[in-house]
Amino acid sequence: MMSRSYTNLLDLAAGNFAALAPSGGGRSRSGSFGMKRIPRVMTVPGTLSDLDDDEEEQAATSSVASDVPSSAVGERLIVVANQLPVVARRRPDGRGWVFSWDEDSLLLRLREGVPEDMEVLFVGSLRADVPPAEQEEVSQTLIDGFRCAPVFLPPDLNERFYHHFCKRYLWPLFHYMLPFASPLSPTAEAAAPGDGGRFDRSAWEAYVLANKHFYEKVVEVINPEDDYVWVHDYHLMALPTFLRRGFNRLRIGFFLHSPFPSSEIYRTLPVREEVLRTLLNCDLIGFHTFDYARHFLSCCSRMLGLEYQSKRGYIGLEYFGRTVGIKIMPMGIHMGQLQSVLRLPEKEQKVAELLHQFEGKTVLLGVDDTDIFKGINLKLLAFENMLRTHPKWQGKAVLVQIANPPRGKGKELEAIQAEIRESCERINKDFGQTGYSPVVFIDRNVPSVERLAYYTIAECVVVTAVRDGMNLTPYEYIVCRQGIPGTESMPEVGGSKKSMLVVSEFIGCSPSLSGAIRVNPWNIETTAEALNEAISMSEQEKQLRHGKHYRYVSTHDVAYWSKSFVQDLERACKDHFRKPCWGIGLGFGFRVVALDPHFTKLNLDTIIMSYERTKSRVILLDYDGTLVPQTSINKEPSADLVRILNTLCSDSNNIVFIVSGRSRNSLGSMFASCPKLGIAAEHGYFLRWTRDEEWQTSTQTSDFGWMQMAEPVMNLYTEATDGSYIEPKETAMVWHHQDADPGFGSSQAKEMLDHLESVLANEPVTVRSGQFIVEVKPQGVSKGLVAEKILTLMKEKGWQADFVLCIGDDRSDEDMFENITDVMKRNIVAPKSPLFACTVGQKPSKARFYLDDTFEVVNMLSSLADASEPDSITELADDLATSFSSIDVSNDPLQLGNRRDEGS
């Protein structure tokens, strides 16, 4: 039965999912059939999502039984991809199926980089239509013989999932093709669903449902405590959220094999935030190049407000207490598989045939899939231009273009194919001679033996894709030109181990091929010159470049890639079972919050009980984000809040302070109706114990000449950064950039921080960055220090605090939490005093407790007010205020003027 919580995940988009979802009474059509079940029950760590209320599914929340037997001890790697690395064929008599490994699948070869004691299991779909009546038998056969768990998608769902959303929308978008056609345009109305690249809500719903089918198959085989799950490519970007929702502590990696577009392109995706958030439910996200990773990080910054950090060579994103690792590792080829084909007699025979066919000719080779991004026609145009501008190659140079059959369909693809055929015919007509055709176009499936034979005899391989994820064609070519290790150079190709590459700068393998000639394929003239340069280069130069490439390709193969990814995944997940975690949010807003083991929600009964038993209480409250929401336009305290604060202040056992970064004028005006409320303004620089007292300063600093040095620097960056502004305070200056372009604002903030630290190096100030701010303030001023002063002064007056409550929501309050914890160790408060350091929201914090929002904070304070003993307050507050004003701060051991603080 489909669980209610997983069904809710599909409600992320408006639409009727009832038509897509399996009926509630039976198994889904994902292939969850009655395979023989080996008893293996594992306790699932973390908090599982709520399932349906029937007894069977309630039991499923505490245990998961696997269909797949494995050793009792040992970790497994579950590799989930759209297609299994298996070839399925009907028996000749039509009765049953024959299966074999797909030797060309690199997913199959990644097993060689996995530790020997780690079992690998594959989950994915078959490239064959298996009738429902045979699916159970096929599933069992693949599990037993191949360690593969097949997912069977209904044909209509697969059509909308793969051909419509993946191939006609996501794939073009990730290759930088914007959806220009509007759903309301006449052209779009006439087009088939998905044509023109426009977003189709029903296709997105099919994408989500298809990912759910994959999730259900993973659930059948998973042991969540021991297994790692490695999800591959853009077809399954929704899968991590399903997995994380089901198993909070599951170790999940994801690798994107396509490009990731820049934020300007990606932001056009209507479900852009949903896709980012589901990827962030992984522990490690892999990309082929830094460019692709940089684009992803930029999108996270611009759309989710997340900033990455680089530490000891690793890039990480902090996401609700979890660190999501970013892996940059280009994929390699499988050397052994290529070399085994090179040893085949059929390959040698084919090489001999091709040498005879192209005797006396210089062969340039292109091997590409037929799609709109491979730039085949640009290659043809560049070759045509070379023949025209360098006539010496007419009759000598041949371009062999292998075009693998298209995997997608659409009008644009048909137009590209027609253009390619037209260019081939024109070039052969204009430059062809008797017995010589300048272009040999092969548009069929080419067997591995034949393809490698073409690599062997080619003088140069040309890749002119306008956008491609990795493209391993140059790697395969280099290995073929090197030949088989331990043998002499191939005499049939002249005896020298050499190769030349002309590659597009827009493909993933380009950065790793430093000896290749990189081109902008859109520039036909320069590409033509690059082709001429490549085949005209000296033999020695070709050999040197080839040697350099071969050393890289042979050491960075697919095993190296998978080993590196699995090692980093293990490292990223090492703390999974140390921190408690909670799953929160609906749909694709679901995420896991990982917190310190001692971090718990503040219990109302506990704090009221402690409050009633104590007689010397201190309550320290932040204002913005704690007593009023950060998003509220009206920042004035409500009448109810004022009443609660006055009630707390009227209790003779209480000292209540507002501790805020706001100016003293702002706070004094807002709380003018609270006569006994203490206020610490500008992070504690200004302080008063009651409304009728004069403001005191917490330090002796009176020289603010540094402001004249800082202001011109801030003005410089403000003028250059649209949307930024300066907030001047009496004792500090703050530069805000929340309304600026996220990327540019962040970059400018880092530059300003360095600039100010350099200019103010000899001044008694602290320069710090925060969330969308850069702040300069005097040293020795922070919420933590002023809280310590208040408690210390109370002890000196013989009224040692025996109850401390401090609440805040941002980074400046973390300093207060840290100092409050420290005062207990130094006996500034009474022994065994209840200490309640509480942050607002479930997030990593130095506080031990949390409340969810400002409503809960005010509600808790209201409960404390109800438990208070209203009385005319004693002269303690006035006495403390007088004492504070008479303190010689220059001799105050707590005046840590040389201490660098990080509060804001």
Side-chain angles (χ1 to χ4, degrees), residues 2-13 15-22 27-32 49 78-84 107 122-126 149-171 173-174 194 199-222 229-247 250 252-258 269-282 285 583 585-591:
M2 184 187 296
S3 69
R4 183 180 301 120
S5 58
Y6 299 145
T7 304
N8 289 343
L9 190 62
L10 301 178
D11 293 339
L12 58 101
N16 178 19
F17 289 96
L20 295 177
R27 297 240 183 181
S28 74
R29 291 179 287 180
S30 67
S32 179
S49 57
I78 300 178
V79 178
V80 191
N82 181 47
Q83 293 182 338
L84 291 172
L107 287 182
F122 295 96
V123 175
S125 61
L126 284 170
V151 178
F152 298 106
L153 297 179
D156 60 331
L157 176 60
N158 187 62
E159 177 71 18
R160 283 177 289 163
F161 154 66
Y162 181 74
H163 291 291
H164 285 179
F165 194 75
C166 289
K167 297 304 292 184
R168 296 190 189 175
Y169 189 80
L170 273 186
W171 187 76
L173 184 71
F174 276 37
F199 182 78
D200 184 349
R201 179 67 61 173
S202 65
W204 162 246
E205 293 165 0
Y207 178 85
V208 174
L209 183 57
N211 275 250
K212 183 174 183 294
H213 281 288
F214 280 84
Y215 162 74
E216 290 169 347
K217 180 57 65 174
V218 173
V219 169
E220 292 181 16
V221 301
I222 197 169
V229 179
W230 188 358
V231 183
H232 288 265
D233 223 2
Y234 64 94
H235 313 89
L236 301 175
M237 291 191 297
L239 181 58
T241 288
F242 283 106
L243 292 170
R244 187 64 70 197
R245 189 181 182 94
F247 312 102
L250 187 62
I252 308 172
F254 179 90
F255 198 93
L256 183 67
H257 293 270
S258 76
L269 179 64
V271 290
R272 60 192 186 185
E273 292 187 9
E274 289 89 332
V275 172
L276 290 178
R277 292 189 187 279
T278 186
L279 291 178
L280 291 172
N281 275 321
C282 298
I285 306 172
L586 300 174
F588 282 110
F590 179 86
R591 66 270 188 197

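In this text the structure is predicted, and so the values were computed from the model without any measurement.
A donor-acceptor pair is defined here as one N or O able to donate and one able to accept, closer than 3.5 Å; no such pair exists between the side chain of Asp233 and the backbone of Leu256. Asn82 places no side-chain N or O within 3.5 Å of a backbone atom of His235 that could act as its donor or acceptor partner. At distances below 3.5 Å, at least one donor-acceptor pair connects side-chain atoms of Asn281 with backbone N or O atoms of Phe590. A donor-acceptor distance shorter than 3.5 angstrom exists from the side chain of Asn211 to the backbone of Leu239, with no hydrogens or angles considered. Distance alone, capped at 3.5 Å, is enough to place a donor-acceptor pair between the Thr278 side chain and the Met237 backbone.
Nearest heavy-atom pair, Pro240 versus Ile252, reported as atom, atom and distance to 0.1 Å: O-CD1, 4.1 Å. Residues His232 and His257 share a closest heavy-atom pair of ND1-NE2, 2.9 Å. Scanning all heavy atoms of the two residues, the minimum distance from Phe254 to Cys282 falls at CB-SG, 3.6 Å. The nearest pair of heavy atoms linking Ala149 to Val221 is CB-CG1, 4.1 Å. Closest heavy-atom contact between Gln83 and Leu107: O-CD1, 4.3 Å.
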- Query: So Leu153 and Phe214, side chain to side chain contact (heavy atoms under 4.5 Å, CB included) or not? Walk me through it.
  - Reply: CA-CA 9 Å; Leu153 297 179; Phe214 280 84; 4.2 Å; yes

- Phe247 vs Ile222, side chain to side chain contact (heavy atoms under 4.5 Å, CB included): CA-CA, chis, key distance, verdict: CA-CA 10 Å; Phe247 312 102; Ile222 197 169; 4.1 Å; yes

- Evaluate the side chain to side chain contact (heavy atoms under 4.5 Å, CB included) criterion for residues Val208 and Phe588: first the C-alpha distance (whole Å), next the side-chain angles of each, then the deciding distance (0.1 Å), finally the verdict. CA-CA 10 Å; Val208 174; Phe588 282 110; 4.0 Å; yes

- Message: Please evaluate residues Tyr234 and Cys166 with respect to the criterion side chain to side chain contact (heavy atoms under 4.5 Å, CB included), reporting the C-alpha separation (whole Å), side-chain torsions for both, the decisive distance (0.1 Å), and the verdict.
- Response: CA-CA 8 Å; Tyr234 64 94; Cys166 289; 3.9 Å; yes

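Aromatic pair Tyr215/His213: centroids not less than 6.0 angstrom apart. In summary, the aromatic rings of Phe165 and Tyr169 are positioned with their centroids under 6.0 Å apart.
Two residues are said to be in side-chain contact when any heavy atoms from C-beta on lie closer than 4.5 Å; Tyr207 and Val271 fail this criterion.
Salt bridge status for Arg277 with Glu274: absent, with no side-chain N to carboxylate O gap under 4.0 Å. The residues Lys212 and Glu216 are annotated as salt-bridged, a charged nitrogen and a carboxylate oxygen being separated by less than 4.0 angstrom.
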